[in-house]
Amino acid sequence: MMPNSTANNSIAASVAREQAATLVLAPHTPRSADLLPRLAFRLDAACVTGCVSVEAQDGTLHFTRAAHGGNVREKLRLKTNIAVATVPAGIYDALAADAQRRGKIVVLNEAP
């Protein structure tokens with residue numbers, strides 16, 4: 001287990017709850033593959049790792065990932081209110097610049 005993983009998951013779970021998140025995405029790395037199932041447990045959520053596609057269809061999220069050594073793709077629909085998933089770097093193209101799009105930066109302080 002990585003250092004501070006308990007604190008990281010505690011902070012991430014708090015933020016997800018405060019923001020009423022329905023989806024938590026992270027890059028598929030060894031660290032996130034270790035941490036995200038733990039986060040899903042804290043959130044009473046389902047977890048899908050290594051997704052090659054995450055799509056909304058008819059108001060429902062569908063996750064696609066490789067199965068059976070990459071020979072087939074499985075498509076999953078989760079029955080939890082919150083989904084936690086990892087996606088490999090580079091599977092999505094960057095969005096075009098849009099001056100109308102706004103974001104908010106929230107500074108989180110890790111508990112001592």
Side-chain angles (χ1 to χ4, degrees):
M1 191 155 82
M2 301 299 238
N4 299 322
S5 63
T6 300
N8 290 340
N9 269 338
S10 180
I11 292 168
S14 294
V15 171
R17 284 189 198 102
E18 288 170 13
Q19 298 299 315
T22 56
L23 175 63
V24 177
L25 282 178
H28 187 74
T29 64
R31 184 171 188 191
S32 62
D34 178 56
L35 295 178
L36 262 62
R38 298 166 195 266
L39 174 62
F41 178 79
R42 285 177 180 262
L43 294 173
D44 196 25
C47 183
V48 183
T49 57
C51 297
V52 295
S53 174
V54 178
E55 299 172 329
Q57 296 175 357
D58 301 322
T60 304
L61 290 173
H62 294 262
F63 302 85
T64 304
R65 66 181 182 176
H68 301 290
N71 293 323
V72 296
R73 305 273 180 178
E74 66 179 348
K75 193 168 195 175
L76 306 167
R77 188 180 76 213
L78 308 176
K79 293 184 177 184
T80 57
N81 293 328
I82 303 173
V84 175
T86 65
V87 294
I91 65 164
Y92 292 109
D93 293 330
L95 293 175
D98 181 353
Q100 300 300 318
R101 208 173 12 241
R102 298 282 182 240
K104 181 171 98 174
I105 297 173
V106 178
V107 178
L108 303 175
N109 295 314
E110 187 174 328

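Here the structure is a predicted model, which is why all the values come from computation and not from measurement.
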Treat each ILVMFWY residue as a node, draw an edge where side-chain heavy atoms are under 4.5 Å apart, and state whether Tyr92 and Leu25 are in one component. yes

Would you say Leu43 ends up clustered with Leu36 if hydrophobic residues are merged whenever their side chains have heavy atoms under 4.5 Å apart, either directly or through other cluster members? yes

Can you give me the closest heavy-atom contact between Ala13 and Leu39, atom names plus distance? N-CD1, 3.5 Å

When Pro37, Ser32, Cys47 are each screened for side chain to side chain contact (heavy atoms under 4.5 Å, CB included) with Thr86, the one that passes is Ser32

Under 3.5 Å, is there a donor-acceptor pair between the side chain of Thr80 and the main chain of Ala46? yes

Determine whether Val54 and Val48 fall in the same hydrophobic cluster, where Ile, Leu, Val, Met, Phe, Trp and Tyr are linked whenever their side-chain heavy atoms lie under 4.5 Å apart. yes

For His28 versus Pro88, what's the shortest heavy-atom pair and its separation? CB-N, 3.8 Å

So, for Arg65 and Gly50, which heavy atoms are closest and what is the spacing to 0.1 Å? CB-O, 3.5 Å

On a heavy-atom basis, the closest approach of Asp98 and Gln100 is OD1-N, 2.9 Å

Same apolar cluster (I L V M F W Y, side chains within < 4.5 Å links), Val84/Phe63: no

Considering non-hydrogen atoms only, spot the tightest contact between Ile91 and Cys51 and give its length. CD1-O, 3.6 Å

Between Arg77 and Leu61, what is the shortest heavy-atom contact and its length? CG-O, 3.8 Å

His62 NE2 to Leu78 CG distance, which is reported to the nearest 0.5 Å: 10.0 Å

